[in-house]
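Step one of this worksheet: look at the structure below.
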Amino acid sequence: MGEFVSGEQISRMAGVSRTAIWKDIQHLRADGYKILSQPHAGYRLVGSPDRLIPQELRWNLNTQRIGRAFYAYETTDSTMDVAHRLAAAGEPEGSVVVSEGQSKGRGRLGRNWFSPKGKGIYLSIILRPALQLAEIPFITLMTAVALARAVEAQTGLKPEIKWPNDLLFNGRKFAGILTELNAELNRIHYLVVGIGMNVNVSSSALPAHATSIAQELGERVDRVALARAIFSQMDLAYSQFLEEGVQPTLEGWRTFAGFLGKRIRVVTEGRTVDGQAMDVDSTGALLVRTDHGFIESVSAGEVLVAR
Ligand code: BT5
């Protein structure tokens, strides 16, 4: 990973004594960093811990907005709740709350999100876009595209996006998105975008119809590198949205949306829409050609794909 650097050199660069450096090295080792030390040669970093901690997440991260601050936990109830508290107290957009595990991870409509410690990525991002309420689904769609791109870049595996908030491999879910907002009538105060991803979880530990990236890839995945890729892709997609609008993201979405053209059933707000999945519109709503020949636009719901 690195080269040997002498204690003297580090002490000169950092402006502290060699004894202080030696103590810091012991702390880093206790945190899981693997550091070789050799008389005359100095110290050499040979391994970083597989932990989602701010100093690791920030390393080499060239984002404009996403990741401007990190709040990291070993465990918490839900990163959503922490992010809501921070946002309500004025936290600017782009701040990220991340936790190694969650005791009350949640999905939509009060569902549960299984969050085993140290094996997944569970995080929430605060955003403050100037959007109409009807445009909020676009943020979920944008997040799905960013996640799919990050996973593809890191693993070479191409995930499928299932509208509105699932990422799948071969029909099995490995990631979900939860977008929550704090708003009054037609003014958004802030959004919290939650991301849950099964990374190194073995599928026997997961709910039915679920999988993990490691399960599909056949090897462990570097969670820190993947998390950084997620921040970069989120940052790119969000900047692109603010500067160019929704079109580039919609085009990206279509390349991952394997169910387009297929026969689907959407269960939404107590009604069922049967038809063919056509596209999404600029707000992120799904367009379905019904059996009566009409195009229906659905802004939230659950999609079942016919076999
Ligand atoms: C979602 O909801 O897919 C959104 C999940 C968002 C989780 C993140 S983790 C960080 C942040 N903090 C939180 O508390 N939440 C967010 P939904 O579409 O409603 O799917 C929930 C359903 O997925 C559950 O009812 C289960 O059937 C299934 N499920 C639960 N845990 C799963 C897992 N780890 N992997 C795959 N499927 C799971």
Side-chain angles (χ1 to χ4, degrees), residues 52 57 66 70-87 95-127 136-137 139-144 146-148 150-151 159-182 190-216 221 223 226-227 230-231 234 259 266-269 284 286 298-305:
L52 304 174
L57 297 173
I66 310 300
F70 288 104
Y71 297 85
Y73 296 82
E74 267 302 293
T75 186
T76 182
D77 293 357
S78 159
T79 57
M80 300 303 281
D81 294 337
V82 181
H84 277 289
R85 282 198 292 275
L86 284 166
S95 291
V96 176
V97 179
V98 52
S99 189
E100 289 287 355
Q102 299 182 114
S103 56
K104 287 191 189 136
R106 63 172 175 263
R108 294 175 302 159
L109 309 169
R111 293 182 197 128
N112 173 57
W113 184 260
F114 176 62
S115 316
K117 199 169 172 184
K119 297 185 184 302
I121 292 178
Y122 318 111
L123 59 87
S124 296
I125 304 175
I126 296 167
L127 295 179
I136 302 297
I139 296 292
T140 305
L141 185 145
M142 180 194 86
T143 306
L147 293 183
V151 169
E160 196 179 306
I161 296 176
K162 184 170 155 235
W163 185 90
N165 67 323
D166 291 351
L167 274 91
L168 317 176
F169 286 121
N170 304 315
R172 289 173 178 270
K173 178 163 171 171
F174 73 95
I177 300 158
L178 176 66
T179 305
E180 293 181 340
L181 75 156
N182 182 299
Y190 63 83
L191 296 178
V192 176
V193 181
I195 296 167
M197 191 177 277
N198 306 323
V199 184
N200 293 321
V201 198
S202 88
S203 66
S204 59
L206 286 168
H209 310 299
T211 189
S212 71
I213 304 179
Q215 190 70 38
E216 301 297 319
V221 175
R223 288 184 309 141
L226 181 56
I230 290 172
F231 301 138
M234 273 297 278
F259 70 104
V266 194
V267 183
T268 172
E269 292 145 3
L286 183 65
V298 189
S299 62
E302 217 70 56
V303 169
L304 302 165
V305 183

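Since the structure is predicted, the reported quantities are computational estimates derived from the model, not experimental observations. Start at 1 and go down the list; that is how both ligands and their atoms are numbered.
The distance from atom CG of Leu178 to atom CH2 of Trp113, rounded to the nearest 0.5 Å, is 10.0 Å. Separation of atoms CZ (Arg108) and CD (Glu302) is listed at 4.5 Å; rounding is to 0.5 Å.
Salt bridge status for Arg172 with Glu160: absent, with no side-chain N to carboxylate O gap under 4.0 Å. Note on Lys117 versus Glu74: salt bridge recorded, some NZ/NE/NH1/NH2 to OD/OE distance being below 4.0 Å.
Looking at ligand 1, you'll find an N or O of Thr79 within less than 3.5 Å of one of its N or O atoms.
Heavy-atom contacts of Gly105 reach the following atoms of ligand 1: 14 (O) (cutoff under 4.0 Å). If you number the atoms of ligand 1 from 1 as listed, the ones under 4.0 Å from a heavy atom of Ser78 come out as 12 (N), 13 (C), 14 (O). Every atom of ligand 1 is numbered from 1 in the order shown, and the set under 4.0 Å from a heavy atom of Asn198 is 33 (C), 34 (N), 35 (N), 36 (C).
At the top of the distance list for atom 23 (O) of ligand 1, counting protein heavy atoms only, stands Lys173 NZ, 3.7 Å. Taking atom 17 (P) of ligand 1 as the reference point, the nearest protein heavy-atom neighbour is Arg111 NH1, 3.5 Å. Atom 1 (C) of ligand 1 has Asn165 ND2, 3.4 Å as its closest protein atom, hydrogens excluded (heavy atom only). With hydrogens left out, the protein atom closest to atom 4 (C) of ligand 1 is Ile177 O, 3.5 Å, a heavy atom. Summary of contacts: the protein heavy atom closest to atom 24 (C) of ligand 1 is Asn112 O, 3.5 Å.
Here the closest non-hydrogen pair linking Val305 and Phe259 is CG2-CB, 4.0 Å. Nearest heavy atoms, Gly284 versus Leu141: CA-CD1, 3.9 Å.
Summarising the contacts of atom 29 (N) of ligand 1 with Phe174, Trp113, Tyr122, Phe114, the nearest heavy atom is found in Trp113. The heavy atom nearest to atom 15 (N) of ligand 1, considering only Arg106, Arg108, Met197, Gln102, is found in Arg106.
Closer than 4.0 Å to atom 13 (C) of ligand 1 lies at least one heavy atom of the protein. Distance remark: protein heavy atom present below 4.0 angstrom from atom 20 (O) of ligand 1.
Val98 pairs with exactly one of Leu57, Val82, Thr79 by the side chain to side chain contact (heavy atoms under 4.5 Å, CB included) rule, that one being Leu57.
Contacts between Ile195 and ligand 1, counted as non-hydrogen atom pairs separated by less than 4.0 Å, involve the backbone only.
Using a distance-only test at 3.5 Å, with no hydrogens or angles considered, no donor-acceptor pair links the side chain of Asn198 to the main chain of Gly120. At least one donor-acceptor pair under 3.5 Å links the side chain of Gln215 to the backbone N or O of Ser203.
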